[in-house]
Structures are given as C-alpha cells and as structure tokens.
Asker: 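Below are the structure tokens for one structure; questions will follow.
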Amino acid sequence: MESLLVVNNVDKIYGKGVNTLKALDNISFTIDHGEFVGVMGPSGSGKSTLLNVLATIDAPSSGEIYIENDNIAQIKDEQLADFRRSNLGFIFQDYNLLDSLTARENIVLPLAIAKKSVSDMTEKVDEIATTFGIQSLLEKYPYQLSGGQKQRTAASRALIADPKMVFADEPTGALDSKSATDLLEKLSKLNELHETTIMMVTHDAYAASFCRRILFIQDGQLSKELIRGVHTRKQFFQLILDELAAIGGDADDVI
Amino acid sequence: MTLFDIALKNIRRNLKSYGLYIASTIFSIIIYFTFVTLRYSDNIRELEGSSRQVSGIMSGSAFVLMIFVAIFIAYSNVFFMKKRKKEVALYSLLGVRKRSIGRMLFFENMVIGLFSLLVGIGLGFLISQLLLALLMNLMGLNMTLDFAFSLSAVMNTAIVFLIIFLVTSLQGYRVIYRFKLIDLFHAEKKAEMLPKARVVSTILGLLALGGGYWLALEDITTSQAWRILGLAIPLVIIGLTILGSYLIFRSVLVSFLHFFKKRKSLAWKGLNLMTVSQLLYRIRANARTLTIIATLSATTITAGGAVFGIYYNADRDVQAYTPFTFMWKGEAQEIDSSDVTFEASIQTKETRVTQDDIEMAYTLLDYTTFTTLAEQLGWETIEEPAEDELLLVNAIYDERWSPRVDDVALNGNSFSVSEHVTEAILNVSLVGPNVLVLADQQYDSIDAEEEVYQVVDMENYRDHLELSQALSAETENFTSATEDYHYAIETSGALLFVGSFLGLVFLVATGSVIYFKIMIEAEEDKGTYSILHNIGIPKKEMKRSIHYQVGLIFMAPLLLGLLHGAIALFAFSNMLQLNLWIPVLLWMMAYTCIYIIYYFVTVRSFKHTVLHKL
C-alpha cells in the first residue's frame with residue numbers, strides 16, 4: 001500500500017550567514033493510511049518545526065514532502081491554503097478558536113469556506129459533536145467553555161471536513177489530566193474506527209502512549225522509533241518512559 | 001533607575017507598538033490646532049465681531065471639534081490600555097506597588113501627550129498654511145487672510161489637550177486600582193457578550209431621529225415648537241439627531257446582523273459568519289464611533305453643501321437677473337475683445353400702467369428685437385403675439401405672491417397676455433423686471449419716448465472685470481454681470497471661507513477617525529487572522545471579509561450622515577429661500593467620492609496589518 005505521507009531528506013535552516021540554526025537535519029520517514037503517530041523530543045529538538053513544515057504552515061529549506069501524490073514543498077501559497085483546507089486538519093495547544101463565534105460556528109467554518117450546503121453542514125456538525133460529546137455546548141462561546149471543552153471543539157473543527165491527515169501540536173499541553181485522557185481516547189477511537197491518520201507532537205509520555213508508533217527527535221534528527229505493536233497502553237507508556245530515560249532527557253521534564 | 005526612567009524607556013523601545021496611539025493623538029491635535037489657528041486669525045476675529053452668525057458657527061464648531069477630539073483620544077486610550085494590562089500585571093506580580101505603577105503609567109501618558117502636543121502644533125501650523133493655500137486656490141479668492149502663528153491658538157490647544165491627557169492619564173490610575181491581578185492578566189482575552197437587539201431602543205431611536213427631523217423641517221415663522229423653545233432649538237435638533245443615530249446604530253444594526261447570522265444559507269457561506277460576528281462583537285464600541293462619524297459626515301455635508309450652494313446660487317442669481325454681460329443706456333462703445341459673442345443696440349419704450357390701484361412700470365420691446373435677444377440667450381422660439389395680444393416677461397415672478405396679470409391696458413387699448421415668461425430678457429437692474437413684448441406694428445403705434453440701450457454678451461463673463469470697469473467709467477447707467485458676480489462673492493467671501501474651511505477640517509477629521517479606529521482594531525485582529533490562516537482559510541476569503549467589515553463601518557454612517565445632511569440643507573434652503581438641490585447633490589457626490597478613497601486606503605492598510613506576516 002502506498003504511504004499517505006512521505007518525507008524525504010527534509011532540512012530546515014533558520015537565519016542567514018554565520019548565525020544559522022539547523023532545526024531539521026536530513027529527516028526522512030513515512031506515515032501510512034490510518035496510522036496514529038507521535039513525535040516526541042525535548043524542548044528545542046525541532047519537533048514543532050517538523051510539524052509546522054509537514055502541516056505547510058512553514059516551508060522546508062530543502063527536501064521533499066509528499067501527501068499522497070502532492071509534493072507540498074512545491075505548492076504555491078494561494079493553492080496551499082486550499083490544499084490545507086481540503087486535506088489537513090489541525091489541533092493546536094492554544095485551541096485557536098475564534099472568540100466571536102459560537103462552538104457550532106467555529107466547527108462549521110471549514111465547511112462554510114468549502115461552500116457545502118446548509119443541510120450537509122448541519123448534519124456533519126451534529127455527527128462530529130456527538131463523537132466528541134459536545135452537543136450541549138454548541139451554542140456557547142469559547143470564553144464560556146473550559147479548556148477541555150475548547151480542545152474538543154477545536155478537534156471537531158479539525159475533523160469535520162474528513163481530512164486525509166490531522167496534525168496535533170501538543171493538544172493536551174494546556175489540559176488537566178482528565179480532559180487530556182478524554183480527548184486522547186476520542187482521538188484514538190476515531191483512529192481505530194474511521195482510520196483517521198493522526199500525527200501528534202507531544203512531550204508528554206502519557207499522551208504519547210495513545211499512539212501506535214512514536215518517532216523520537218533530537219537536535220533536529222530522528223533518533224529512535226518505538227512501535228506499540230501488541231503491547232497494552234500501560235506497557236507502552238512504560239516503554240516510552242524507559243526510552244526517554246535512556247535518551248537522557250530529564251525525566252521530570254517530560255511528565 | 002526611577003519609574004520615570006522606566007516610563008521613558010518604555011516609550012522609546014515600544015515606539016512601534018505605541019505608534020498608532022501616538023499617531024492618533026497627534027492627528028487630533030493637528031486638526032484642532034488648525035481650526036483654532038483659523039479662529040484666532042485677525043480676519044476671522046473681525047468677522048466674528050461683526051456677525052453673530054459667524055461667531056455662532058465658530059464657537060459651535062469649536063465645541064463639536066473639542067468633543068470629537070476628546071472622545072476619539074479617550075477611545076484610543078482605552079484600546080491602548082487594554083494592550084498594556086498584561087505588562088501592568090507583570091509589574092504588580094513582581095511586587096511593584098500599585099501607586100508606583102499608577103504613577104509610571106501617568107508619567108508615560110503625559111510624556112506621550114506632551115510629545116504629541118509639540119509635534120501636533122508644529123505640523124498643525126504647516127498644515128493650516130497648506131489648507132489655506134489650497135482653499136484660496138480652489139475658491140479663486142483674492143483675499144489676504146494671514147494665518148500668523150498665534151500664541152493664543154497655541155495656548156488654547158495646549159490647555160484643551162492637557163486637560164484631555166490629564167483625564168486619560170488618571171484613567172490609567174483607575175485601571176490599576178479597580179482591577180484585580182487576575183483580570184489584568186486576562187484583559188486581552190476577556191470577551192464581551194454579544195449584544196442583543198432591543199426593540200425599545202429601536203423605537204426610541206426612530207422617535208428621536210424623527211423628532212429631530214420634524215423640528216428641523218418646521219417653518220420658523222409659524223412653528224409652535226420654535227416659539228416655545230426659541231433659540232435652543234438648533235441644540236435640541238442636534239441632540240435628538242445624535243441620540244437617534246446612536247440608538248439606531250446600536251439596535252437596528254444589531255438586529256440586522258443577528259438576522260443575517262441566523263439565516264444559515266447566508267451566514268454559513270465562506271467567511272460571512274466571521275464577518276458578521278466580528279462586527280457584532282464590537283458593536284458597542286462601534287455604535288459610538290459610527291455615531292461620531294455620522295455626525296461629522298453630516299456636519300461636513302451641511303457646511304460644504306451650504307457654502308457650495310451659496311456659491312452656486314451666486315452664479316445662478318447673476319445669470320438670472322443679469323442675463324447679458326454688459327448693458328448700458330446710450331451710445332455704443334468700442335470693445336476690443338475676442339470674447340464678445342453678441343453686440344446689439346436696441347430701442348425700448350417705457351410706460352406706466354395702473355392696475356388694481358398699483359402703478360407698474362413696464363419696458364416695451366418689439367417682437368423682432370425680443371427674438372434677437374431670446375435667440376442669444378438660447379430660449380425656445382415664442383410666437384409673435386397677435387394684434388390684441390402681448391408677451392409678459394416678469395423676471396421676478398413668484399407664484400406665491402406675484403399677482404397674475406392677464407390683461408394690460410396700453411394707450412387705452414386692452415391687450416390680453418398670450419404668454420407669460422418668467423426669465424429676464426434684459427438686465428433687471430437697468431430696465432426693471434417687467435417687460436412687455438408687442439408685435440412690431442403695435443409697438444410702433446405706442447406713443448412713448450424711445451430709449452437706446454447697448455447690449456453685449458461675452459464668453460466667460462466672470463473674467464472681464466477690467467473691461468467692465470473701463471466701460472463703467474465711459475458710460476452712464478451701466479450694468480455688468482461680471483461686477484455683480486464679484487460683488488456677490490466678495491460680500492459673502494469670508495463666510496464662504498469659514499464654511500469651506502470647516503468642511504475641509506471635518507472631512508479630514510472624519511477620515512482619520514475611521515482610519516485610526518479600524519487600524520486599532522486591525523492590531524487586535526491579527527491573532528484572529530493568523531488562526532484563520534492556520535486552519536487553511538485562503539487569503540482571498542479573508543480579504544473579502546475585510547472588505548465587507550470595513551465597508552459596513554464606512555457605509556452605515558455615510559448613509560445616515562447623508563440623510564442628516566439632506567434634511568439640514570433642506571431646512572436651510574427653506575429658511576433662506578434658496579434652491580439648493582443641485583449644488584447639494586453635487587457636493588454629496590464629491591463627499592462620497594472622497595469618502596470612498598478613504599475606504600480604499602483603510603482597507604489597504606488593514607490588509608497589510610493583518611495579512612502581510614502570514
């Protein structure tokens with residue numbers, strides 16, 4: 001089966017002349033359809049840069065990135081927005097909800113831009129809101145919602161247009177553990193039932209243990225890969241912790 | 001390091017983010033100072049001394065400007081403070097005392113104020129000269145108005161603005177003491193509830209506006225309201241109009257936006273949802289600014305329209321009563337000019353007729369002469385009257401009070417009037433408004449002494465002042481459209497100047513309020529647009545949304561302002577018995593054009609602010 005995402009020799013260099021910083025150094029990997037991949041690494045290792053580059057929010061300095069047959073490193077700016085809207089979904093640490101819109105309106109936005117019919121949109125919103133358990137919150141404004149509710153709203157928005165791939169940047173970073181568990185369970189259920197492909201950046205081992213596979217990144221390079229395989233989530237969590245300890249990152253820092 | 005040092009450093013380092021606030025205060029000062037400079041110039045003072053109208057206009061405008069400037073600065077300051085609350089919270093968290101932070105903010109604001117004051121007065125002086133030159137040129141005035149650097153203007157401006165800055169600075173103090181630390185940290189994120197549309201305020205708004213309009217359109221001479229309220233009535237009208245506008249913006253606009261938002265087929269299309277919500281979200285602050293803009297627009301339109309109307313009418317009046325450039329009694333004169341389009345020597349007879357106990361003076365013309373003159377004036381052909389008929393030309397006919405004349409008795413014969421003409425065929429000031437035209441034979445048979453007149457018509461009649469003066473010296477009973485025109489312009493010149501100047505100042509003021517208001521919001525909206533960008537909304541959609549948002553903020557007050565202006569000018573034209581429709585329409589179109597230019601400039605800056613980093 002052809003891979004959904006193919007990353008070939010991607011570099012990302014910040015700055016010019018002597019003051020350059022190589023944030024990504026010759027990164028290559030693939031993600032298949034229906035995977036739930038985590039990216040872990042200490043602060044400043046380049047994991048957020050990687051996500052931004054893959055998510056087309058930032059452009060790589062060199063290398064190729066294919067999502068199915070599109071080389072996204074080559075798409076022009078205006079088309080990029082269209083590509084992003086129809087193929088990708090995003091969940092951010094700080095939710096990125098629009099304060100002036102209700103939850104329902106926030107969720108429907110990507111469909112509205114795609115000029116879907118009203119009945120279509122209504123149906124889809126109800127469906128996704130049920131999945132994330134926020135039907136009763138749809139008429140509320142973001143400032144009336146808790147962090148977890150906001151993140152579930154943001155996740156609904158990311159998933160409503162059935163994207164080929166969902167990028168999540170520290171989605172649980174600002175959530176308490178119950179809300180975090182809630183969200184992660186929903187995401188992994190979606191991944192199992194609908195084969196939604198998800199790539200999640202996190203430095204939280206607990207969050208990472210929900211993934212099927214984990215890429216470790218260090219100083220801009222891929223350093224290690226962990227696959228959950230037949231392990232239970234708890235066992236996998238222990239494996240991740242062991243790995244983090246082995247890398248020598250401050251274990252205190254990652255939990 | 002003292003707090004004063006920190007305050008100074010803050011300003012120096014953050015000049016860019018303070019930029020918009022400083023720019024808007026400087027702008028207000030420039031506008032106010034320019035106006036005050038005009039007010040304290042010798043010529044205007046003289047004029048104010050001699051005319052109560054002018055001094056009324058001036059002090060009224062000064063008041064409106066002052067209020068406008070104060071509200072505008074307070075508004076900018078609120079936004080500015082909102083941005084800084086987090087910083088304040090940080091100081092507080094680090095253990096700086098409230099009193100010290102308050103003092104620091106106070107210093108900071110006062111330093112900004114003084115700086116703006118210096119720059120504003122300097123620039124204001126230059127700009128007032130520029131506006132003056134522009135205006136003189138536009139109006140073709142040869143008046144010597146000197147805009148000397150006036151110390152009293154500086155004092156006036158300094159005092160007004162120091163008070164404004166003092167108040168806004170104290171506002172800073174209040175912020176520190178009233179809010180809790182946690183609020184300060186969340187200040188930027190704190191969201192307001194969306195406003196609800198209220199039926200009561202819609203009705204009240206319509207009532208206030210209707211009342212204001214009704215009062216404005218009352219006939220002064222017969223109105224009960226005018227008798228009761230007297231001279232306070234203009235203030236009542238202005239007050240009602242402003243209140244009405246505010247309530248209407250607040251309620252009608254909100255209802256409209258809510259209605260739109262509920263129609264999913266409309267709202268759930270592209271970024272419409274965001275556009276509407278964004279507008280709704282700010283409607284409270286918006287209603288206030290929209291009211292200011294509508295009021296300013298109305299003032300500009302009214303001042304400009306009235307001035308332009310008087311101007312326009314000067315030309316029309318001259319042409320109406322002095323149709324030929326030159327006309328005099330007696331011998332022909334040599335005129336050496338290529339602009340002469342018509343020259344004729346005509347004969348008339350004069351007669352007096354008693355009708356209904358009133359003795360009327362008539363000038364008699366024969367039909368051939370009349371036709372020659374009428375052709376030159378571009379009239380349609382009028383048929384020759386029969387033997388017992390005549391044409392009656394009355395240049396000052398007004399159906400409201402001029403008696404209708406159907407028969408005229410001449411030399412004992414009665415002539416019936418075959419046609420009434422209500423335009424002047426000859427210069428009224430020389431031969432009077434009433435002219436009778438008889439068939440050639442009938443004219444010859446009238447027994448009266450003949451007079452000889454010379455009639456000359458010129459191209460560009462306004463430009464022959466020298467020739468006119470030369471002819472005037474050579475002849476007796478000389479009438480000249482050129483001189484009439486110049487006389488009309490000069491007598492009302494100063495008034496015209498004041499009016500146009502006010503129009504110009506308010507035009508600039510209106511544009512800058514909208515501009516700065518929208519730019520301040522653009523700064524706030526940066527985050528929203530980067531979110532939209534992140535979730536893959538194309539820039540094209542965002543640009544469209546910006547066009548709509550800015551468009552509504554521009555259009556709503558323009559429409560209401562035009563309506564206010566139209567009513568005011570209608571009242572004005574009733575009062576002065578002037579026909580102002582054409583000049584007013586022209587002026588409104590000109591105003592709308594300038595306004596549209598403002599719109600495009602603002603949209604451009606807005607797009608640049610929120611989109612260029614994406």
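Computation of the quantities below employed the complete heavy-atom set of this structure, encompassing side-chain atoms and omitting hydrogens, waters and symmetry-equivalent molecules.
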Asker: Which heavy atom in W268(B) sits nearest to a heavy atom in M121(A), and how many Å separate them?
Answerer: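 Distance-wise, the nearest heavy atoms are O-CE, 3.2 Å.
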Asker: Please report the C-alpha distance between K264(B) and E105(A) in whole Å, then the side-chain angles of each, then the deciding distance to 0.1 Å, and finally whether the salt bridge (Lys or Arg N to Asp or Glu O under 4.0 Å) criterion is met.
Answerer: CA-CA 10 Å; K264(B) 285 182 183 159; E105(A) 291 163 350; over 6 Å; no
Asker: Quick one: pull up CD1 in I531(B) and CZ in R157(A) and give me the separation to the nearest 0.5 Å.
Answerer: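 CZ of R157(A) is found 7.0 Å from CD1 of I531(B).
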Asker: With rounding to the nearest 0.5 angstrom, report the CD1 to NZ distance, I113(A) to K540(B).
Answerer: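 I113(A) atom CD1 to K540(B) atom NZ measures 10.5 Å (nearest 0.5 Å).
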Asker: Which region of L97(A), side chain (C-beta onward) or backbone (N, CA, C, O), has a non-hydrogen atom less than 4.5 Å from a non-hydrogen atom of chain B, or is it both or neither?
Answerer: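 Backbone only.
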Asker: Specify the closest pair of heavy atoms between R84(A) and G536(B), including all atoms of both residues, with the distance to one decimal.
Answerer: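 Reported closest heavy-atom pair: NE-CA, 3.7 Å.
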Asker: Hey, which of D99(A), L101(A), L98(A) is the one that makes side-chain contact (heavy atoms from CB on, under 4.5 Å) with S277(B)?
Answerer: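 Single pass found, and it is L101(A).
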Asker: So how far is it from N96(A) CG to N534(B) CG, rounded to the nearest 0.5 Å?
Answerer: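 One gets 5.5 Å once the value is rounded to the nearest 0.5 Å.
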Asker: Could you tell me which portion of F92(A) (side chain, backbone, both or neither) has an atom closer than 4.5 angstrom to a non-hydrogen atom of chain B?
Answerer: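 Just its side chain gets close to chain B.
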Asker: How long is the span from the CD1 atom in I535(B) to the CG atom in L109(A), to the nearest 0.5 Å?
Answerer: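 Taking CD1 in I535(B) and CG in L109(A), the distance rounds to 5.0 Å.
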Asker: A quick test of your reading: do over 12 heavy atoms of other residues, nucleotides or ligands sit less than 6.0 Å from NZ of K140(A)?
Answerer: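 Result for NZ/K140(A): open.
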Asker: At a heavy-atom separation under 4.5 Å, does T122(A) approach chain B through its side chain, its backbone, both, or neither?
Answerer: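 Contact with chain B involves both backbone and side-chain atoms of T122(A).
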